[in-house]
Amino acid sequence: MKSLVVLLVVAFAVGASAQCKCESMKWATCDGTPCECFLLVGNGEKQPLNCSALIPKCFLMKAEMYRARKGLSRAIGGKPVETAFMDNDGIYDPECESNGLFKAKQCNGTEECWCVNSAGVRRTDKGDKNLKCEELVETHWVRLELKHKETTADVDPAQLKSAIADAIQQRYQLDKKFVSDIQYDKNARLIVVDVKKDIGDRKEDLSRMAYYMEKDVKVLPLFKEEVKFEPSVAGQKLQFENILVYYVDEKAPTFTMQRLTGGVIAVIVVVILAVVAGLVVLYLARRRERAKYEKTQVRELDEIQQSLS
Ligand SMILES: *[C@@H]1O[C@H](CO)[C@@H](O)[C@H](O)[C@H]1NC(C)=O
Ligand SMILES: *[C@@H]1O[C@H](CO)[C@@H](O)[C@H](O)[C@H]1NC(C)=O
């Protein structure tokens, strides 16, 4: 009887500790009853997590930067509308609000600052630390361009659409009513997924879903079990080889045109120098030509004058 109680207690303890884990974040550490989970986002800086939901992107980016600094893991690295833009800066160490939202102004630990949208993506030019970011502008539309690997059988577009919408709902906990459109190009193996919410909606956060999916395709799943993202279409598992994410904000971004990079400037300078050199050569050649002509004319005149005299 006593041993049975001990056995039960042990079984209960094992069961409880097995349950204390973070489904939505593999790097979390969990402990205690009730179970509490944290994510290390800095030296001794523990961010409490709600593991029943996807973790806010701002916390994830902080944790990734921290892990990259510590050498814990390697953080590797057409537009739907004219105002859509891509995340060309990659990851930085962001400042988060306590609820996981990005602070509107980010500085990357330097004097250089910029404004971000609710997905933490830069939407202004970089400025100095006096830069003003009035508000955090919401990303209300993301376009995911997924390229899948070669398949043995053709993919049925109708089944593909429902498989992707279901995956977004089940895997990324975002109601599939937000999946507004899915297009498929069989030859390019390209699936274009538009996820949109109403302007003014602050309940749903599209950036988490997009970030988890980006990691699923480009690196490894962020989920505890690291189950691969392989939606099954008519019994055939789809694997992905690339993903591009476009962000559309409630207000258009205010970047100026991309500045010319060093390489382009060097090429322009070389071309201008070549043109100038060409012009100089041409000018000299013409001058020599004219001088010769004038000399001949003078000589001819002399001859005429001599014959007259
Ligand atoms: C955690 O997330 C779940 C799912 O989104 C939500 O229902 C719950 O209220 C959240 N818990 C806390 C403490 O915020
Ligand atoms: C932030 O700083 C890191 C390291 O200095 C750099 O690699 C990254 O490109 C910077 N990000 C932005 C948005 O400037």
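Here the structure is a predicted model, which is why all the values come from computation and not from measurement. If you read the sequence from its start, that first residue is 1, and numbering goes on from there. One-based numbering, in listed order, for ligands and for the atoms of each.
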Item to check | Basic-acidic side-chain contact under 4.0 Å: E241, K147 | outcome: yes
Checklist entry - Quick one: do K62 and D93 make a salt bridge, cutoff under 4.0 Å? => result yes
Checklist outcome for this item: Per-atom filter on ligand 1: closer than 4.0 angstrom to a heavy atom of A53 are 2 (O), 5 (O)
Item to check | Under 2.5 Å between SG of C113 and C107 | outcome: yes
Next on the checklist: Can you tell me how the ring of Y172 sits relative to the ring of F223, calling it parallel under 30°, perpendicular over 60° and tilted otherwise?
Outcome noted: tilted
Checklist entry - Given N99, N50, L49, which has its nearest heavy atom closest to atom 10 (C) of ligand 1? => result N50
Item to check | Any non-hydrogen protein atom less than 4.0 Å away from atom 7 (O) of ligand 1 | outcome: no
